[in-house]
Enquirer: 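Here it is: the structure, laid out below.
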Amino acid sequence: MKILVTGGLGFIGSHTVVELQNRGFEVVIIDDCSNAQEDVLDGITAITGKRPLFEKLDLKEKNKVEDFFKRYADVVGVIHFAASKAVGESVEKPLLYYENNIGTLVYILKELCKKNKASFIFSSSCTVYGQADKMPITEDAPVKEAESPYGNTKQMGEEIIRDTCKIAPNLNAIALRYFNPMGAHPSGEIGELPIGVPQNLVPFITQTGIGLREQLSVFGDDYPTPDGTCIRDYIYVVDLAKAHVVALERLLDGKNPQNYEVFNVGTGKGSSVLEVIQSFERVSGKKLNYKVVDRRPGDITSAYADTTKANEELGWKAEYPLDEAMESAWVWEQKIRD
Ligand code: UD1
């Protein structure tokens, strides 16, 4: 069965392509290479022994999207990662984010509506919950007003898919709300490649550990948490990739009771910033140079998932603990700096 993975050269996309190929799916990747490199294909090929099909294409070009679905009429499912994801940039360039993340989603859904049957998996985010009132967060926690245009594109994306599913019985969709993805493939062939200064905690830690950054700033230690630093649910990217495959198979096998569903994808365990630093120090054997600074505007205190729904309905559970995920991130950092 042929599956389209948009953004398949990116961090989560490339790991998902590996898991799809391991399960015997044929994969075609669309990527515009704006935030990823074509040689990720070599890494995927080295791991799986199979080179996925690849089309370098900008999904904002509606005619090219139409043309793609004509040429690949045998695509039965789409996993849609392609999107811009820098929170700060989205505040400065909201229209770029709406065009990139919403426009392209609409073009793809239009094409899927023309098919007799189609399965669609959407990259959503725990950012839709904002600061939830209760921990762990269940899927029925209210969606809070978005803090940024980026967050808003995830909320709107979910709504667009939900509304489309109401009028398109041929379309089956799942939105996966990711918590904080981290780590790299254990083979060391693919991993996260942040451009410029990383905004996310784990790549900033590993870059500091290797000496590329002088010091990690810990954004605030006066939060109402046990050690005062923020709590997040860090999920290993390989576990996250596998969640996409089981979600897709649920749709392809017709096991979904509704044609639009939402699942949290996390570990269910919250870790503080200091605990993540300690994990790095354990697996690397190095002391990390860090300093506590002011809070980062827009940060929430705590977010970790209730994963009961994904465990029970998808039959999926995160397997890797934080230290193992951290070790893979550290191996990857050392490899790319070599
Ligand atoms: C970020 C995004 C969010 C996205 C989520 C999952 C922001 C503001 N939010 O959330 O929209 O859905 O990733 O990909 O970017 N930290 C430090 N020092 C650093 C970097 C981070 O102390 O140099 C702390 C943060 O304050 C936070 C934790 O580490 O408490 C995790 O930060 P980050 O990796 O940026 O993820 P989120 O803020 O959870």
Side-chain angles (χ1 to χ4, degrees), residues 7 10-13 15 35 81 83-92 94 97 101 122-132 135 137 143-158 175-183 192 194 196-209 212-237 240 264-267 269-280 288-305 322 325-326 329:
F11 174 42
I12 308 170
H15 288 81
N35 198 15
F81 293 104
S84 301
K85 60 170 188 177
V87 177
E89 184 187 47
S90 81
V91 176
E92 283 154 30
Y97 274 66
N101 295 7
F122 179 62
S123 290
S124 189
S125 167
C126 66
T127 197
V128 303
Y129 299 118
Q131 179 57 71
M135 292 297 136
I137 305 172
V143 167
K144 298 264 174 78
E145 196 182 329
E147 288 272 354
S148 67
Y150 160 76
N152 209 16
T153 65
K154 294 299 173 191
Q155 297 189 1
M156 290 166 68
E158 287 193 5
L176 296 178
R177 292 176 175 164
Y178 315 153
F179 283 68
N180 291 59
M182 66 171 287
E192 196 168 2
V197 182
Q199 306 298 310
N200 292 112
L201 179 63
V202 174
F204 205 106
I205 288 178
T206 55
Q207 289 197 5
T208 307
L212 205 62
R213 314 272 156 218
E214 202 186 317
Q215 190 174 54
L216 169 79
S217 297
V218 172
F219 298 136
D221 67 352
D222 56 351
Y223 285 94
T225 62
D227 67 20
T229 64
C230 295
I231 292 178
R232 299 287 186 275
D233 184 340
Y234 295 89
I235 171 151
Y236 183 38
V237 65
L240 176 57
N264 283 342
V265 188
T267 67
K269 186 179 178 308
S271 303
S272 72
V273 177
L274 294 182
E275 285 171 334
V276 177
I277 293 172
Q278 286 154 13
S279 168
F280 172 79
L288 191 79
N289 183 21
Y290 70 86
K291 188 173 99 189
V292 177
V293 300
D294 287 346
R295 291 181 176 197
R296 179 171 69 179
D299 269 347
I300 53 166
T301 303
S302 184
Y304 54 97
L322 179 62
M326 183 61 84

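When a ligand or atom number is given, it counts from 1 through the structure's own listing order. Positions are given from 1, in the same order as the sequence printed here.
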Enquirer: Considering residues at least two apart in sequence or located in another chain, which fulfil the salt bridge (charged side-chain N to carboxylate O under 4.0 Å, His left out) criterion with Glu275?
Expert: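 In terms of salt bridge (charged side-chain N to carboxylate O under 4.0 Å, His left out), with neighbours along the sequence ignored, Glu275 is linked to no residue.
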Enquirer: Give the contacting part of Tyr129 toward ligand 1: side chain, backbone, both or neither, where contact means a heavy-atom distance below 4.0 Å.
Expert: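 Neither; no heavy atom under 4.0 Å.
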Enquirer: Would Lys154 and Phe122 count as a cation-pi pair here, with the cationic atom under 6.0 angstrom from the ring centre and within 45° of the axis?
Expert: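 Geometry flag: set, cation within 6.0 Å and 45°.
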Enquirer: Heavy atom to atom 25 (C) of ligand 1, shortest distance: which of Val197, Asp299, Ile300 holds it?
Expert: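 It is Asp299 whose heavy atom sits nearest to atom 25 (C) of ligand 1.
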Enquirer: For ligand 1, which atoms have a heavy atom of Asn180 less than 4.0 angstrom away?
Expert: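 Answer, ordered by atom number: 36 (O), 37 (P), 39 (O).
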Enquirer: At a 4.0 Å cut-off, with the gap strictly under it, does some heavy atom of Tyr178 reach an atom of ligand 1?
Expert: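 Tyr178 does not count as a contact of ligand 1 under the 4.0 Å cut-off.
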Enquirer: Under 4.5 Å between any side-chain heavy atoms of Ser124 and Leu176, yes or no?
Expert: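 They are not in side-chain contact.
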Enquirer: Suppose I only count heavy atoms of Cys230 and a 4.0 Å limit; which atoms of ligand 1 are within that range?
Expert: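 Those qualifying, in numeric order: 30 (O).
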Enquirer: Donor-acceptor pair, distance only, cut-off 3.5 Å: does the side chain of Gln199 make one with the backbone of Val197?
Expert: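 Yes; judged by distance alone, with no hydrogens or angles, the pair exists.
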Enquirer: Side chains of Tyr150 and Glu89: is there a donor and an acceptor less than 3.5 Å apart?
Expert: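 Absent: no donor and acceptor within the cut-off.
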Enquirer: If you draw a 6.0 Å radius around CG in Asp294, do more than 12 non-hydrogen atoms from other residues or ligands fall strictly inside?
Expert: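 12 or below, so no.
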Enquirer: Would you find a donor on one side and an acceptor on the other, under 3.5 Å apart, between the side chain of Tyr97 and the backbone of Ala86?
Expert: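 Present.
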Enquirer: With heavy atoms of Gln199 as the reference, note each atom of ligand 1 found under 4.0 Å away.
Expert: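 Heavy-atom distances to Gln199 below 4.0 Å select 20 (C), 35 (O).
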Enquirer: Checking a contact table here: which protein heavy atom is nearest atom 34 (O) of ligand 1, and how many Å away?
Expert: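 For atom 34 (O) of ligand 1, the nearest protein heavy atom comes out as Leu201 N, 2.9 Å.
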Enquirer: Which residue and atom name correspond to the protein heavy atom nearest atom 32 (O) of ligand 1, and how close is it?
Expert: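 Ranked first by proximity to atom 32 (O) of ligand 1 is Arg296 NH2, 3.5 Å.
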Enquirer: Does the plane of the ring in Phe81 sit parallel, tilted or perpendicular to the ring in Tyr178? Use 30° and 60° as the thresholds.
Expert: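 If you compare the ring of Phe81 with that of Tyr178, the planes turn out tilted.
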Enquirer: Counting from 1, what ligand 1 atoms have a heavy atom of Val218 closer than 4.0 Å?
Expert: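 Under 4.0 Å from Val218, ligand 1 has these atoms: 22 (O).
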Enquirer: Distance-only, no hydrogens or angles: does the Asn101 side chain make a donor-acceptor pair with backbone N or O of Ser84 under 3.5 Å?
Expert: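 Judged by distance alone, yes, a pair lies under 3.5 Å.
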Enquirer: Counting only N and O atoms by type, is there a donor-acceptor contact under 3.5 Å from the side chain of Asp227 to the main-chain atoms of Thr229?
Expert: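 Yes.
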Enquirer: Considering heavy atoms of the protein only, find what lies nearest to atom 39 (O) of ligand 1 and give residue, atom and distance to 0.1 Å.
Expert: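 Ranking protein heavy atoms by distance from atom 39 (O) of ligand 1, first comes Arg232 NE, 2.6 Å.
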Enquirer: Relative to the heavy atoms of Leu216, which atoms of ligand 1 are at a distance of less than 4.0 Å?
Expert: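 That gives atoms 18 (N), 19 (C), 23 (O) of ligand 1.
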Enquirer: Test Phe179 against Val265 for side-chain contact (heavy atoms from CB on, under 4.5 Å), laying out the working first.
Expert: CA-CA 6 Å; Phe179 283 68; Val265 188; 5.9 Å; no
Enquirer: Mark the output for Tyr290 as yes if a heavy-atom distance to ligand 1 is under 4.0 Å, and as no if none is.
Expert: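 Judged by the 4.0 Å heavy-atom criterion, Tyr290 does not count as contacting ligand 1.
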Enquirer: Identify which of Pro203, Ser125, Ser272 has a heavy atom lying nearest to atom 12 (O) of ligand 1.
Expert: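 Among Pro203, Ser125, Ser272, the closest heavy atom to atom 12 (O) of ligand 1 comes from Ser125.
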Enquirer: Provide, to 0.1 Å, the distance between atom 31 (C) of ligand 1 and the closest protein heavy atom, together with that atom's residue and name.
Expert: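 Nearest protein contact, heavy atoms only, for atom 31 (C) of ligand 1 is Tyr234 OH, 3.4 Å.
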Enquirer: Looking at atom 16 (N) of ligand 1, what's its closest protein heavy atom, distance included?
Expert: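 For atom 16 (N) of ligand 1, the nearest protein heavy atom comes out as Phe219 CD1, 3.6 Å.
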Enquirer: Could you tell me the residue and atom name of the protein heavy atom closest to atom 2 (C) of ligand 1, and the distance to it rounded to 0.1 Å?
Expert: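 For this ligand atom, the closest protein heavy atom is Val87 CG2, 3.8 Å.
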Enquirer: Check ligand 1 against Ser217 and write out every atom of the ligand that is under 4.0 Å from a heavy-atom position of the residue.
Expert: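 Listed by number with element, the hits are 17 (C), 18 (N), 19 (C), 22 (O), 23 (O).
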Enquirer: For ligand 1, which atoms, with element, lie under 4.0 Å from some heavy atom of Val273?
Expert: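 Answer, ordered by atom number: 22 (O), 24 (C), 29 (O), 30 (O).
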Enquirer: Quick one: does any side-chain atom of Arg177 pair with a main-chain N or O of Gly266 as donor and acceptor, under 3.5 Å?
Expert: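 Absent.
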Enquirer: Can you pull out the closest protein heavy atom to atom 1 (C) of ligand 1? Residue, atom name and distance to 0.1 Å, please.
Expert: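 That would be Asn200 ND2, 3.8 Å.
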Enquirer: Identify the protein heavy atom lying closest to atom 14 (O) of ligand 1, giving its residue, its atom name and the separation to 0.1 Å.
Expert: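 Looking only at protein heavy atoms, the one closest to atom 14 (O) of ligand 1 is Pro181 CD, 4.0 Å.
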